[in-house]
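Side-chain atoms are counted along with the backbone in the values below, which use heavy atoms only and exclude waters and symmetry mates. Throughout, a chain's letter reflects where its sequence line sits, starting with A, and its residues are numbered from 1. Just so we're clear, the structure is a prediction, and the values are computed from it rather than from any experiment.
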Amino acid sequence: MTRSRSSGADLSLELLCLRAIRYSREWNYPETDGVAMRTRISALFSEESFIRGERCEVAGWVRSLRASRNIIFMLLNDGSDLPGVQVVIEDHVSGFEELKKLGTGSAVKVTGHLVESPGSGQKWDFAAEKVEVAGRSDESYPLQKKRHSFEYLRSIAHLRPRSNTFGAVFRLRSNMAHAVHSFFRERNFLLVHTPVITSNDCEGGGELFRVATMNPEKTGAVGQADFSDDFFGCRTGLTVSGQLEGELFSLAFTDIYTFGPAFRAENSNTPRHAAEFWMVEPEMAFADLYDNTVLAEDFVKYLCRHALENSAEEMAFFDQQIERGVIERIRKVAEADFVRMEYSEAIEHLRKAPVSFNFPVEWGLDLQTEHERYITEQVTRRPVFILNYPCDIKAFYMRRNDDCKTVAAMDLLVPKIGEIIGGSQREERHDILSSAMDAHGVGKEQLWWYLESRKFGSAPHAGFGLGFERLLMYLSGMENIRDVIPFPRTPGNAGF
RNA sequence: UCCCCAGUAGCUCAGUCGGUAGAGCAGGUGGCUGUUAACCACCUUGUCCGUGGUUCGAGUCCGCGCUGGGGAGCCA
């Protein structure tokens with residue numbers, strides 16, 4: 001729907017496209033009476049021809065409607081921006097009396113033009129010449145102009161994207177997904193789509209959802225089922241991570257990343273966990289743990305800057321409605337130098353802490369949420385990498401350090417959220433990886449290919465995983481992961 | 001999965017000491033020449049989450065269950 005023409009484009013192709021658009025426009029909108037095409041509301045205020053008052057057509061859903069005898073004010077939103085546009089309908093417009101009764105949520109197309117608004121709430125009005133009702137909204141439309149609780153909005157997930165908050169959240173989500181790709185593309189990382197269905201259920205990342213075509217009512221309990229007769233001929237499930245396959249690609253394309261869904265069948269009931277979520281997982285060959293922290297720091301800062309610059313309207317909304325000061329908080333992260341701290345040093349800080357913790361602090365034990373938040377909120381007061389954890393509390397694939405007590409793991413902790421990134425340098429030495437798999441009880445029969453990658457040109461490599469939804473929570477101030485996922489899956493919830 | 005809290009009209013919530021159900025908003029009707037969560041008048045709306053118990057009587061007290069929220073664990 002762009003109205004500007006790129007100069008270098010293939011002209012004949014462009015003409016074909018324009019003709020196709022024209023045909024489709026005539027098909028879809030036979031009564032538009034010479035108006036070029038539908039204009040997105042966000043484009044209305046940024047293009048000079050519309051500001052001069054050129055006639056055009058906007059289409060969207062009614063957010064609110066105020067009618068008096070001779071005039072109707074209709075707030076129209078098409079999802080392209082937060083405020084939408086106020087459509088002013090005067091009594092000469094065809095169907096005026098019927099339009100007065102139009103319900104909130106109705107879908108309408110309006111032909112008209114921008115005029116400067118004499119009112120005080122907005123700069124521009126859209127003066128209607130013609131209003132077509134595409135779809136009326138029933139009087140039971142559940143979204144009201146006043147504030148709803150997020151809990152209630154979750155129960156109407158089919159309609160909540162039409163609310164201000166979720167409009168902002170999902171525009172931010174879309175922008176940040178693009179930012180993830182642009183960050184890695186600028187650095188010449190290869191995007192790899194790792195499989196969603198996997199046969200290795202021992203990646204260390206929690207319970208798998210089973211994938212099968214067999215009918216459990218006929219074959220009995222899954223534990224007794226014979227998977228050799230099933231579709232894949234073996235036990236399969238939904239992936240918990242694309243990392244292992246990502247490593248294989250990094251050993252061919254050097255720098256790669258995956259960005260896709262991951263699934264965990266854990267019975268987690270917290271505001272930070274979902275059964276289906278999206279992960280960003282870069283992997284770099286010929287890179288060590290330090291390189292990994294550099295990439296992670298650049299990545300997080302890039303994403304913060306991107307949100308502030310490219311979702312400024314949404315960030316201003318979050319700052320006002322969701323979390324006061326969120327813009328300043330994100331700006332500080334974008335400018336901060338992240339701290340790098342050894343696990344052992346973190347333990348020392350915790351032992352010396354003038355506060356008491358509910359969980360014990362001792363070298364060899366994992367850091368609890370309360371410990372992580374103390375470090376990043378009280379000790380460093382900025383994002384901090386915790387490096388080189390004891391091997392016993394980390395996954396089998398992490399590289400054993402020379403002290404034989406720690407592995408080259410890293411967690412990035414940020415104020416308010418805690419862990420936002422987890423990663424490591426990978427064990428590239430065949431014999432050490434082999435014994436680590438034995439020690440962790442990881443089946444080599446299933447992961448033979450992973451182990452074998454260490455036989456043919458194995459190289460030092462490192463990578464990390466960033467939970468995309470946790471990033472969105474961090475950027476927006478939204479406090480429940482269910483409110484940054486379009487249709488969230490959590491225990492007992494897959495209804496939409 | 002464990003601990004704590006909550007569930008009353010379509011939504012947000014009030015409901016006193018256990019005495020028989022309320023407000024605002026939404027919706028409906030009418031009014032209003034420029035509104036801004038419009039305003040004014042009138043009107044409609046209840047399995048008080050379910051279930052069992054205590055009691056002359058339960059929205060209110062007790063048990064169990066369901067759902068939601070917060071915290072913890074698991075983790076991203």
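Pairing for C25(B) goes to G10(B), judged as Watson-Crick or G-U wobble with the two contacts each under 3.5 Å. Pairing for C61(B) is with G53(B), a Watson-Crick or G-U wobble pair whose two hydrogen-bonding atom distances lie under 3.5 Å. With a cut-off of 3.5 Å on both Watson-Crick or G-U wobble distances, the partner of G34(B) is given as none. Base-pair partner of G68(B): C5(B) (Watson-Crick or G-U wobble, both distances under 3.5 Å).
If you take CZ of Arg147(A) and C1' of A37(B), they are 12 Å apart, rounded to a whole angstrom. Following rounding to the nearest Å, Arg160(A) (CZ) and G10(B) (P) show an atom-to-atom distance of 22 Å. His371(A) places its NE2 atom 13 Å from the C1' atom of G73(B), with the value rounded to the nearest Å. The nearest whole Å value for the distance from the CG atom in Leu143(A) to the P atom in U12(B) is 12 Å. Per the geometry, CZ belonging to Arg264(A) stands 17 Å off P belonging to G73(B), to the nearest Å. Rounding to whole angstrom units, CD of residue Glu372(A) and P of A72(B) are separated by 11 Å. Here the C1' atom of nucleotide C74(B) and the CG atom of Asp366(A) are 11 Å apart, to the nearest Å. For the pair Tyr389(A) OH and C75(B) P, the computed distance is 12 Å after rounding to whole Å.
For Asn269(A), the side chain to side chain donor-acceptor pair (under 3.5 Å) criterion is met by Asn267(A), not counting sequence neighbours.
Ring geometry for Phe464(A) against Phe299(A) counts as tilted: the plane angle lies between 30° and 60°, on a 0 to 90° scale. Ring pair Phe259(A)/Phe468(A) is perpendicular by interplanar angle, where above 60° counts as perpendicular and below 30° as parallel. Note: Phe359(A) and His371(A) have perpendicular aromatic rings, judged against thresholds of 30 and 60 degrees for the angle between ring planes. Ring-plane geometry between Phe184(A) and Phe189(A) is classed as tilted, the angle between the planes lying from 30 to 60 degrees on a 0 to 90 degree scale.
The residue Gly121(A) sits close to a base: some heavy atom pair falls under 4.0 Å. At the heavy-atom level, Asp91(A) lies nowhere under 4.0 Å from the strands shown. Contacts of Pro118(A) with the nucleic acid, taken as non-hydrogen atoms under 4.0 Å apart, include base atoms. As judged by a 4.0 angstrom heavy-atom cut-off over every strand, Phe359(A) is placed among residues touching the sugar-phosphate backbone only. Within 4.0 Å (heavy atoms only), Glu419(A) reaches sugar-phosphate atoms of the nucleic acid but no base atom. Nucleic acid contact class of Phe73(A) (heavy atoms, under 4.0 Å, all strands): base. Residue contacts for Glu469(A): at a heavy-atom cut-off of 4.0 Å it reaches no nucleic acid atom on any strand shown. Residue contacts shown for Asp411(A) are absent, as no nucleic acid heavy atom lies under 4.0 Å away. Using a 4.0 Å heavy-atom criterion, one finds that Ser149(A) contacts the sugar-phosphate atoms exclusively.
Distance check on atom C1': G70(B) versus G34(B) gives 46 Å, rounded to whole Å. For the P atoms, the distance from G24(B) to U44(B) is 13 Å, rounded to whole Å. Nucleotides C74(B) and C61(B) place their C1' atoms 39 Å apart, quoted to the nearest Å. With P as the reference atom, A58(B) and G19(B) are 11 Å apart, rounded to whole Å. Between U16(B) and G73(B), the distance separating the two P atoms is 38 Å to the nearest Å. As rounded to the nearest Å, G50(B) and U8(B) have P atoms that lie 10 Å from one another. C4(B) and G63(B) are spaced 12 Å apart, taking the P atom of each and rounding to whole Å. Separation of the C1' atoms belonging to U47(B) and A37(B) is 32 Å when rounded to the nearest angstrom.
Of the possible donor and acceptor atoms, none in the side chain of Gln86(A) sits under 3.5 Å from a partner among the backbone N and O of Met74(A). In terms of modelled atom types and a separation under 3.5 Å, the side chain of Asp319(A) and the main chain of Gly325(A) share a donor-acceptor contact.
Checking C75(B), A72(B), G34(B) against every side-chain atom of Gln368(A), the shortest atom distance belongs to A72(B). Taking every side-chain heavy atom of Ser268(A) into account, C74(B) is the closest of C74(B), A72(B), G34(B). Distances from the side chain of Asn269(A) to the nucleotides G34(B), U1(B), C74(B) place U1(B) closest. Taking only side-chain atoms of Ser68(A), from C-beta outward, the nucleotide of U33(B), G10(B), U35(B) with the closest atom is U33(B). For Thr369(A), the side-chain atoms get nearest to A72(B) when compared with the rest of A72(B), G34(B), G68(B). The listed nucleotides are G73(B), G69(B), A72(B); the one nearest the side chain of Thr270(A) is G73(B).
At most 12 heavy atoms of other shown residues, nucleotides or ligands fall within 6.0 angstrom of atom CD in Glu479(A). A 6.0 Å sphere centred on NE2 of His181(A) holds more than 12 heavy atoms belonging to other residues, nucleotides or ligands.
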Test side-chain hydrogen bond (donor to acceptor under 3.5 Å, both in side chains) applied to Gln368(A) and Glu372(A), step by step: CA-CA 6 Å; Gln368(A) 302 294 319; Glu372(A) 294 180 339; over 6 Å; no
Tyr450(A) and Glu247(A): CA distance, side-chain angles, deciding distance, side-chain hydrogen bond (donor to acceptor under 3.5 Å, both in side chains) verdict: CA-CA 9 Å; Tyr450(A) 183 73; Glu247(A) 284 187 46; 2.7 Å; yes
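Phosphate contact (OP1/OP2 of C2(B), side-chain N/O of Asn267(A), threshold under 4.0 Å): absent.
The shortest side-chain heavy-atom distance between Arg426(A) and Arg399(A) does not fall under the 4.5 Å cut-off.
Listed in residue order, the members of residues 472-492 of chain A having a heavy atom less than 4.0 Å from RNA chain B are Asn480(A), Ile481(A), Arg482(A).
Between the base of U35(B) and the side chain of Gln122(A) there is a donor-acceptor pair shorter than 3.5 Å.
Shown here for Ser476(A) and Leu172(A), the closest heavy-atom pair between the two residues is CB-CD2, 4.0 Å.
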What are the atom names and distances for every N/O pair under 3.5 Å that joins the protein to nucleotides 22-31 of chain B?
unit_1, atom_1, unit_2, atom_2, d
G24(B), N2, Lys146(A), NZ, 2.7
A26(B), O4', Gln144(A), OE1, 3.4

